[in-house]
Student: 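The structure's right below; bear with me while I get my questions together.
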Amino acid sequence: MLDTVWRTFHFDFRGDLELRMNLARHIVPLSVRMRYGLGMGNPLLDDIKVRYALAYSMATESVPALVDAFGGDLSEEEIGYIALAYALALERARTQPEKKSVLVVCASGRGSAHLLEYRIRQQFEAHLDRVETCDASRVAAYDFRHIDYVFTTVPLDVKIPVPVCSVPYFFDERDVRTMMAFLMGEGMQEGPSSEVLPFFSPDLFRAHLGASTRDEVLHTLCSDLSEAGLVPPEYEELVFRREEVLGTAFGGGIALPHAIQACSDQTIVNVALLDNPVDWGGQQVQVVLLISFSRDPEPGLQLFYQCVAQLFSRANAIVELLDNRSFTYFSELLSTIEKQLTDTE
């Protein structure tokens with residue numbers, strides 16, 4: 001189950017002992033219900049879908065592993081209970097400080113660089129994941145894909161794709177406060193005001209799509225992403241494989257199809273508003289959000305799912321979106337929902 005969540009969403013719970021224990025305690029009686037076709041109601045289901053939409057999606061992805069192990073079917077009510085275990089794990093991950101990876105740059109000299117690395121590790125251990133070192137002459141060719149920040153003791157005359165903080169080699173308590181503020185993002189230029197909108201693009205928004213079947217919709221939207229160079233060649237095949245395992249209609253007229261595994265450099269969503277509803281595994285769908293998940297975890301994904309869940313739980317919002325059919329209106333709608341959610345938190 002946890003391998004599936006990792007492959008699909010790139011959230012790594014495989015080493016989360018508390019989640020493993022919570023799932024194990026739940027699956028023991030669940031396996032009996034599955035073997036003998038017993039049902040259990042869930043009065044919280046509607047709230048779980050809206051409040052913990054990402055966790056519910058993770059639970060849905062876990063269903064094939066349970067069916068393979070115990071046979072039988074799994075109802076939405078049962079999936080809702082599994083979602084609560086994922087929701088707790090997501091909440092714990094959200095409230096724990098995210099550790100950063102930093103690159104330490106010195107003028108030259110491996111010994112001096114490693115001494116500075118040791119002091120930084122010692123001072124900021126609770127906030128750091130990896131600390132790497134590099135001399136100034138090699139910075140231009142350095143791979144920054146897994147680096148969050150740079151601490152440098154010398155001026156750098158090359159463009160760096162991550163924030164850079166100049167520090168003295170022998171830093172004191174005042175320097176430590178400055179460095180800590182830098183690691184926590186204080187005083188830096190603010191990023192986008194929205195965590196959700198960067199997942200979308202006006203170039204990947206179809207206000208009218210005249211497709212008449214689910215497969216036609218998927219082929220068109222997968223082709224959009226492929227032609228834009230945003231997904232690998234096998235992406236469409238991975239999307240259809242996911243649909244064969246379990247449908248992706250969420251109810252409320254919305255479907256969230258995606259590949260069976262994360263396979264792109266960044267999470268991107270291709271949106272289509274259909275001219276007419278199509279049958280999507282027994283549900284009528286007119287709003288489709290095709291998602292290509294990033295191979296690297298993205299912190300805004302949980303909020304994205306919360307916004308989408310709020311969207312499909314508001315019947316008026318879908319009706320108004322289909323009446324207006326513009327990327328501007330869609331963006332404003334998501335921004336309003338995101339603001340309401342973040343203000344509540």
Side-chain angles (χ1 to χ4, degrees), residues 8-9 45-61 63 76 79-80 83 194 196-197 199-202 204-222 224-225 239-240 242-243 245-260 267-293 300-338 340-341:
T8 305
F9 301 96
L45 179 61
D46 290 340
D47 286 335
I48 291 171
K49 282 185 172 183
V50 173
R51 294 177 181 272
Y52 307 120
L54 178 57
Y56 186 82
S57 290
M58 291 177 171
T60 301
E61 296 294 329
V63 166
E76 286 192 335
I79 294 173
S194 169
V196 174
L197 291 184
F199 292 126
F200 299 90
S201 165
L204 294 171
F205 182 89
R206 285 180 174 265
H208 292 275
L209 182 58
S212 56
T213 66
R214 182 205 67 176
D215 289 2
E216 188 180 349
V217 173
L218 290 176
H219 174 69
T220 301
L221 297 185
C222 289
D224 288 344
L225 294 179
V239 169
F240 276 98
R242 173 60 184 80
E243 291 293 329
V245 173
L246 205 63
T248 52
F250 253 66
I254 294 182
L256 273 68
H258 54 268
I260 202 166
T267 298
I268 189 72
V269 185
N270 195 6
V271 182
L273 308 182
L274 310 185
D275 290 338
N276 297 293
V278 301
D279 178 76
W280 204 290
Q283 298 193 49
Q284 293 297 299
V285 166
Q286 200 167 0
V287 178
V288 181
L289 280 65
L290 174 67
I291 310 169
S292 179
F293 290 108
L301 193 60
Q302 185 170 358
L303 184 56
F304 161 76
Y305 262 90
Q306 287 178 305
C307 288
V308 172
Q310 288 287 335
L311 184 64
F312 73 65
S313 69
R314 301 178 183 185
N316 290 340
I318 297 298
V319 171
E320 291 169 4
L321 176 60
L322 292 171
D323 285 342
N324 288 274
R325 292 180 180 265
S326 72
F327 182 77
T328 300
Y329 183 82
F330 177 72
S331 300
E332 291 173 353
L333 186 60
L334 283 179
S335 295
T336 300
I337 294 173
E338 180 180 3
Q340 291 170 349
L341 289 171

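One-based numbering along the sequence shown. What's counted below: heavy atoms across the whole structure, side chains too, no hydrogens, waters or symmetry copies.
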Student: Measure the shortest side-chain to side-chain distance between Asp275 and Leu209 over non-hydrogen atoms and say whether it is less than 4.5 angstrom.
Tutor: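 In short, these two side chains do not touch, never coming nearer than 4.5 Å.
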Student: Evaluate the side-chain proximity of Leu204 to Val269: yes if any heavy-atom separation is below 4.5 Å, no if none is.
Tutor: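 Result no, sub-4.5 Å side-chain heavy-atom pair not found.
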Student: Give a yes or no on whether the backbone of Gln284 and the side-chain of Asp279 come within a donor-acceptor separation of less than 3.5 Å.
Tutor: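 No; judged by distance alone, with no hydrogens or angles, the pair does not exist.
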Student: Taking all non-hydrogen atoms of both residues into account, name the closest pair between Gly80 and Ile48 and its distance.
Tutor: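 Shortest heavy-atom contact: O-CD1, 3.5 Å.
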Student: Which atom names give the shortest non-hydrogen contact between Val217 and Ala211, and what distance separates them?
Tutor: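 Heavy atoms only, the tightest pair is CG2-CB, 3.5 Å.
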Student: How close do Ala83 and Ala59 get, counting heavy atoms only, and between which atoms?
Tutor: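 Reported closest heavy-atom pair: N-CB, 3.7 Å.
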Student: Do Thr267 and Ser292 make a side-chain contact, defined as non-hydrogen atoms from C-beta onward lying under 4.5 Å apart?
Tutor: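 When only atoms from C-beta onward are counted, Ser292 and Thr267 do not touch, as no gap falls below 4.5 Å.
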Student: Parallel, tilted or perpendicular: which describes the rings of Phe9 and His258, with under 30° parallel and over 60° perpendicular?
Tutor: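 Ring orientation, 0 to 90° scale: tilted.
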Student: Can you name the closest pair of heavy atoms from Cys222 and Leu290 and give their distance?
Tutor: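 Looking at all heavy atoms of both residues, the shortest contact is N-CD2, 3.7 Å.
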Student: Checking Gln310 side chain against Ile337 main chain: does a donor-acceptor pair fall under 3.5 Å?
Tutor: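 Checking the backbone N and O of Ile337 against the side chain of Gln310, no donor-acceptor pair under 3.5 Å is found.
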Student: Could you grab the distance from atom CZ of Phe327 to atom CD of Glu332, nearest 0.5 Å is fine?
Tutor: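 One finds 10.5 Å between CZ of Phe327 and CD of Glu332.
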Student: Counting only N and O atoms by type, is there a donor-acceptor contact under 3.5 Å from the side chain of Arg206 to the main-chain atoms of Leu273?
Tutor: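 A pair under 3.5 Å: no.
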Student: Considering all heavy atoms of both residues, which atom of Tyr305 and which atom of Ser57 are nearest to each other, and what is their separation?
Tutor: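 Smallest heavy-atom distance, with atoms named: CE2-OG, 3.0 Å.
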Student: Please report the interatomic distance CD(Glu216) to CG(Leu218), rounded to the nearest 0.5 Å.
Tutor: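 The CG atom of Leu218 is 10.5 Å from CD of Glu216, to the nearest 0.5 Å.
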Student: Does a side-chain heavy-atom distance below 4.5 Å link Cys307 with Leu341?
Tutor: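 Cys307 reaches Leu341 side chain to side chain.
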Student: Phe330 versus Arg325: any side-chain heavy-atom pair under 4.5 Å?
Tutor: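 A side-chain contact under 4.5 Å is absent here.
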Student: Supply the atom-to-atom distance Asn316 CG to Leu321 CG, rounded to the nearest 0.5 angstrom.
Tutor: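 One finds 12.5 Å between CG of Asn316 and CG of Leu321.
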Student: Out of curiosity, Leu256 CG to Thr248 OG1, how far, rounded to the nearest 0.5 Å?
Tutor: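 Separation between the atoms: 7.0 Å.
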Student: Considering residues, nucleotides and ligands other than Phe293, do more than 12 of their heavy atoms fall under 6.0 Å from its CZ?
Tutor: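 Yes, because the 6.0 Å sphere around CZ of Phe293 holds more than 12 heavy atoms from other groups.
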Student: Decide whether Gln306 and Tyr52 meet the rule of one side-chain donor and one side-chain acceptor closer than 3.5 Å.
Tutor: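 No, no side-chain donor-acceptor pair sits under 3.5 Å.
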Student: Determine whether Phe240 and Asp215 satisfy the following criterion, side chain to side chain contact (heavy atoms under 4.5 Å, CB included), listing intermediate values before the conclusion.
Tutor: CA-CA 8 Å; Phe240 276 98; Asp215 289 2; 3.4 Å; yes
Student: How close do Val285 and Ala249 get, heavy atom to heavy atom, and via which atoms?
Tutor: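 Closest approach of Val285 to Ala249, heavy atoms only: CG2-CB, 4.0 Å.
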Student: For Glu338 and Leu334, indicate whether the former's side chain and the latter's backbone hold a donor-acceptor pair under 3.5 Å.
Tutor: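 Answer holds: no.
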Student: For the residue pair Phe199 and Leu289, establish whether any side-chain heavy-atom pair is separated by less than 4.5 Å.
Tutor: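 Heavy-atom side-chain distance check fails, nothing below 4.5 Å.
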Student: Would you check if Val287 and Leu274 make a side-chain contact, meaning some heavy-atom pair closer than 4.5 Å?
Tutor: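 Val287 vs Leu274: side chains apart.
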Student: Working to the nearest 0.5 Å, report the span between CG of Leu246 and OG1 of Thr60.
Tutor: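 If I round to the nearest 0.5 Å, the distance is 6.5 Å.
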Student: May I ask you to decide if the ring planes of Phe304 and Phe200 are parallel, tilted or perpendicular, using 30° and 60° as cut-offs?
Tutor: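 Plane angle between 30° and 60°, so tilted.
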Student: If the test is side chain to side chain contact (heavy atoms under 4.5 Å, CB included), which one of Glu61, Arg242, Glu243 qualifies with Ile260?
Tutor: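 The single option meeting the side chain to side chain contact (heavy atoms under 4.5 Å, CB included) with Ile260 is Arg242.
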Student: Side chains of Pro257 and Ile291: closer than 4.5 Å at any heavy-atom pair?
Tutor: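 No - every pair of side-chain heavy atoms lies 4.5 Å or more apart.
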Student: Starting at NZ of Lys49, measure out to OH of Tyr56 and round the result to the nearest 0.5 Å.
Tutor: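 If we round to the nearest 0.5 Å, Lys49:NZ and Tyr56:OH are 4.5 Å apart.
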